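Remember, predicted model here, so these are calculated numbers, not experimental data. Lettering of chains follows the sequences in order, A, B, ..., and the numbering in each one begins at 1.
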Amino acid sequence: MSEILHAVKGMNDVLPETAEAFLSTAVWDKVIDTARRVIEGYGYRQVLIPIVEETALFARGIGEGTDIVSKEMYTFSDRGERSLTLRPEGTAGCVRAFIEHGFAKTDPVQKWWYIGPMFRAERPQKGRYRQFYQIGAELYGASDPAADAEVIVMMWRICQALGLKDVTPRVNTLGDKESRDRYRDVLRGYMRANVDTLCDACKARIETNPLRFLDCKNPACKEVARKAPDIMESLSAQSRAHFDKVTTYLRDCGLAYVRDAALVRGLDYYSETTFELTTSALGAQDAVGGGGRYDGLIEELGGTPTPAIGFAMGVERLALLVAATQQVASGPHLFIAPMAGAESFALQLADAVRTGGPYRVEVDVTGRKLKGQMRRADKVGARFALVLGEDEIARRHGNLKDLRVSSTSDVALTGDAICAALAKLIA
RNA sequence: GUGGGCGUAGCUCAGCUGGUAGAGCAGCGGAUUGUGGAUCCGCGGGUCGCGGGUUCAAACCCCGUCGCUCACCCCA
C-alpha cells in the first residue's frame, strides 16, 4: 500500500467510474460539451495556449502583490536558464498570444475560448485543487458595455444549459484607473477611521491593497465594510455611464443579477466591470465562475492598447454541482452478447450498426457465459441486448431485447435493419 | 503557511477494559448447457498508512512520521 505511487496532492484522476461522481468522465463531458455548445453559439472560437509560460508573464500580468503570484505558482527553472511556471490562470497566456500574433493591428475583435488545466499550489479542499480545469472566454477589441453584458449572460446561460438552479450572478464595477485611485483614497480614510476594529490583515491592506478589505471574511471587518463608502460615489462620469449601461442590458436580457459592492477580485488586472457566479451548494468555495474587464492589461504587457473582457469557470465546481443534482449516464444503446463461435459475426454486425447510425454498440469480448454477459449488459446500462448464437446466425434473425421492460422484438441481423429498429424503439 | 477531523479488504465501515481481523457493497463462479436487474450458495482478496517504543502479547496504549480531508487566507 505504501509502495504504490500516488497522484500528487490536489491533482485528480477523472475516470469512467469513480466513487466521487464529479470526477467521472460522463459528468465532465456533459460540462465541457454544454459549455462549448453555448460559447460557440456566441461566435467564440477555441484556442489552445501552452500550459507553461515564462514566469515574467504571470508576474507582470497578474500582479506581483497578488496571492497567486506571491505564493501559489508552480515555478521551476528550465535547464537552469529561464524561469518558467505552470499557468495559474488562462487570461495571461491568451493576452500574450493576442499580442504576439499582432491581432491588435490586423483584426482587433477576437472572441476566443479555451479549456484546460491551471495550477495553483494552495492547500486543497472541497472544490479547490492544485490542478484544476477552467473553461474560459476572452473578448478583445470591444469596449462597449454590450460586450460586458453579453459575456456575463453567456456565462449564465452555460449554467442554465447545465440545469443548475442555485446560481446567482453578482456584478460590480472597479471603475477606470482614476476612479479607482480616488476610491482607494476614500477607502483608506474610512479604514483609518475604523482601524482599531480591523483585523491585522486589513490593517496592512490600508497601505497595500485597500480594495481587498471589502471582501475580508473576518466578521468584525465585514461589519465595518458593510458601511464603507460605495465606489459608486467615486466613479468618473464615463465609468458610471458604462456600468449603468451594463446593468441595464443585463436587466433587458432578463438576468436577475445582484450588485455586490464587495466584489473586488484578487487579480490586479481588472478594471470597470467585475462579475462572479456564486452558489451556496459548494461549501467554502462559492464561486463557480468569475471574470471582468481588463482594458489595461494588453498595454501593460507591451501590446497596443486594446480593450478586453473575459471570464473563467471552474470545471470541477460545475461538475460538483451537476453530479449533486442529476444522474449522468451514457451506457451503450446496444449490447451484443455472442455465444461461443459467434464472436466474429458479432464484431462485424456491431461495426455495421455503428456505421449505419449514431449508436453506441458494445460487444462482450470476455468470452464468458451468457449469464455473465447479460449481467454486464445490465451493469453498463445498455438499453438493448442482442444474443447471437448458432440459431440466430443460421436464421439471420435475432431478438432485440429492451432491457428496461424485458420485451423482445424480432430483427434481421443487418446493420441497417438493427439501426432502423433502434431508431423506432428509442423514439 | 495555520487549525480541526481521519487513516483497518477495491468502496463504506465495525473491531468492547490490549489476546496477532470482521460485515455490507462491489468482483468472480454456481443454483438455471442460450437471455440482465431479485434471492440463495460458494470463492478470492488485508505488511490493520509507515517507523519506533511499552508489553508475555499492540489494529487498539505512547512517540514520531507520511498521507487524506475540511476549514482559514485567496480564488475557479
Taking only the side-chain heavy atoms of [X] (C-beta and beyond), determine which of [options] contains the nearest atom.
| X | options | value |
| --- | --- | --- |
| A/Ser406 | B/C70, B/G36, B/C74 | B/G36 |
| A/Ala287 | B/A71, B/G36, B/A76 | B/A76 |
| A/Glu390 | B/G36, B/G34, B/C68 | B/G34 |
| A/Leu403 | B/A71, B/G36, B/G34 | B/G36 |
| A/Lys401 | B/U35, B/C68, B/A76 | B/U35 |

Exercise. Counting only non-hydrogen atoms, which of residues 151-159 of chain A are less than 4.0 Å from RNA chain B?
Worked result: none
Over all strands shown, is [X] touching base, sugar-phosphate only, or nothing at heavy-atom distances under 4.0 angstrom?
| X | result |
| --- | --- |
| A/Arg205 | sugar-phosphate |
| A/Asp200 | nothing |
| A/Tyr129 | base |
| A/Lys71 | base |
| A/Asp215 | sugar-phosphate |
| A/Ala377 | nothing |
| A/Gly136 | nothing |
| A/Arg376 | nothing |

For this session: Would you sketch RNA chain B in dot-bracket for me? Only Watson-Crick or G-U wobble pairs with both distances under 3.5 Å count, crossing pairs as [ ], other-strand pairs as |, the rest as dots.
Result: (((((((..((((........)))).(((((.......))))).....(((((.......))))))))))))....
For this session: May I ask you to check whether A/Trp113 and A/Tyr42 place their ring centers less than 6.0 Å from one another?
Result: no
For this session: Please check if the distance between the ring centroids of A/Tyr257 and A/Trp156 is under 6.0 Å.
Result: no
Exercise. Stepwise, does the side chain to side chain contact (heavy atoms under 4.5 Å, CB included) test hold for A/Val153 with A/Tyr249?
Worked result: CA-CA 10 Å; A/Val153 169; A/Tyr249 295 163; over 6 Å; no
Given the [atom1] atoms of [N] and [M], what is the spacing between them in whole Å?
| N | M | atom1 | answer |
| --- | --- | --- | --- |
| B/G45 | B/A21 | C1' | 14 Å |
| B/U39 | B/U32 | C1' | 13 Å |
| B/C40 | B/C48 | C1' | 32 Å |
| B/G1 | B/G18 | P | 37 Å |
| B/A59 | B/G4 | P | 28 Å |
| B/G22 | B/U2 | P | 42 Å |

salt_bridge([X], [Y]) N-O dist < 4.0 Å:
| X | Y | answer |
| --- | --- | --- |
| A/Arg184 | A/Asp181 | yes |
| A/Glu207 | A/Arg192 | yes |
| A/Asp33 | A/Arg36 | no |

Problem set entry | A/Tyr294 and A/Leu267, any side-chain heavy atoms less than 4.5 Å apart | no
Seminar exercise, completed: Sequence neighbours excluded, the answer for ring pair (Phe, Tyr, Trp, His ring centres under 6.0 Å) partners of A/His242 is none
Exercise. Would you find more than 12 non-hydrogen atoms of other residues, nucleotides or ligands less than 6.0 Å from A/Glu299 atom CD?
Worked result: no
Problem set entry | Over 12 non-hydrogen atoms of neighbours within 6.0 angstrom of CD in A/Gln46 | yes
For this session: Tell me which of A/Met313 and A/Asp402 sits closer to the 5' end of RNA chain B, going by the nucleotide each one is nearest to.
Result: A/Asp402
For this session: With RNA chain B as reference, determine whether A/Ala201 or A/Val387 sits nearer its 5' end, using the nearest nucleotide of each.
Result: A/Val387
Seminar exercise, completed: Heavy atoms of A/Phe335 and A/Ala382 approach each other most closely as CB-CB, 3.7 Å
For this session: Determine the minimum heavy-atom distance between A/Phe132 and A/Glu316, stating which atoms define it.
Result: CA-OE2, 3.3 Å
Exercise. Just checking, is any N or O donor in the side chain of A/Arg170 or A/Thr278 under 3.5 Å from an acceptor N or O on the other one?
Worked result: yes
For this session: Decide yes or no, distance alone: a donor-acceptor N/O pair under 3.5 angstrom between the base of B/A76 and the side-chain of A/Glu122.
Result: yes
For this session: For the pair A/Tyr133 and A/Trp28, name the ring-plane relationship: parallel under 30°, tilted 30 to 60°, perpendicular over 60°.
Result: perpendicular
Exercise. In this structure, which one of A/Glu53, A/Glu54, A/Glu138 forms a salt bridge (Lys or Arg N to Asp or Glu O under 4.0 Å) with A/Arg96?
Worked result: A/Glu53
Looking at [X], I'd like to know whether one of its side-chain N or O atoms comes within less than 4.0 Å of OP1 or OP2 on [N].
| X | N | value |
| --- | --- | --- |
| A/Gln125 | B/U69 | no |
| A/Arg265 | B/C74 | no |
| A/Lys379 | B/G37 | no |

For [X] and [N], give me the distance from atom [atom1] to atom [atom2], rounded to whole Å.
| X | N | atom1 | atom2 | value |
| --- | --- | --- | --- | --- |
| A/Leu267 | B/A76 | CG | P | 6 Å |
| A/Gln373 | B/C28 | CD | P | 12 Å |
| A/Arg87 | B/A76 | CZ | C1' | 13 Å |

Nucleotide N/O of nucleotides 2-6 of chain B paired with protein N/O under 3.5 Å:
from : atom 1 : to       : atom 2 : distance (Å)
B/U2 : O4     : A/Arg123 : NH1    : 2.0

Seminar exercise, completed: So salt bridge (Lys or Arg N to Asp or Glu O under 4.0 Å) across residues 266-294 of chain A, not counting sequence neighbours, yields A/Asp148-A/Arg293, A/Arg265-A/Glu276, A/Arg293-A/Asp295
Below 3.5 Å is the cut-off: list the nitrogen or oxygen pairs between protein and nucleotides 29-33 of chain B, distance only.
from  : atom 1 : to       : atom 2 : distance (Å)
B/G30 : OP1    : A/Lys369 : NZ     : 2.2

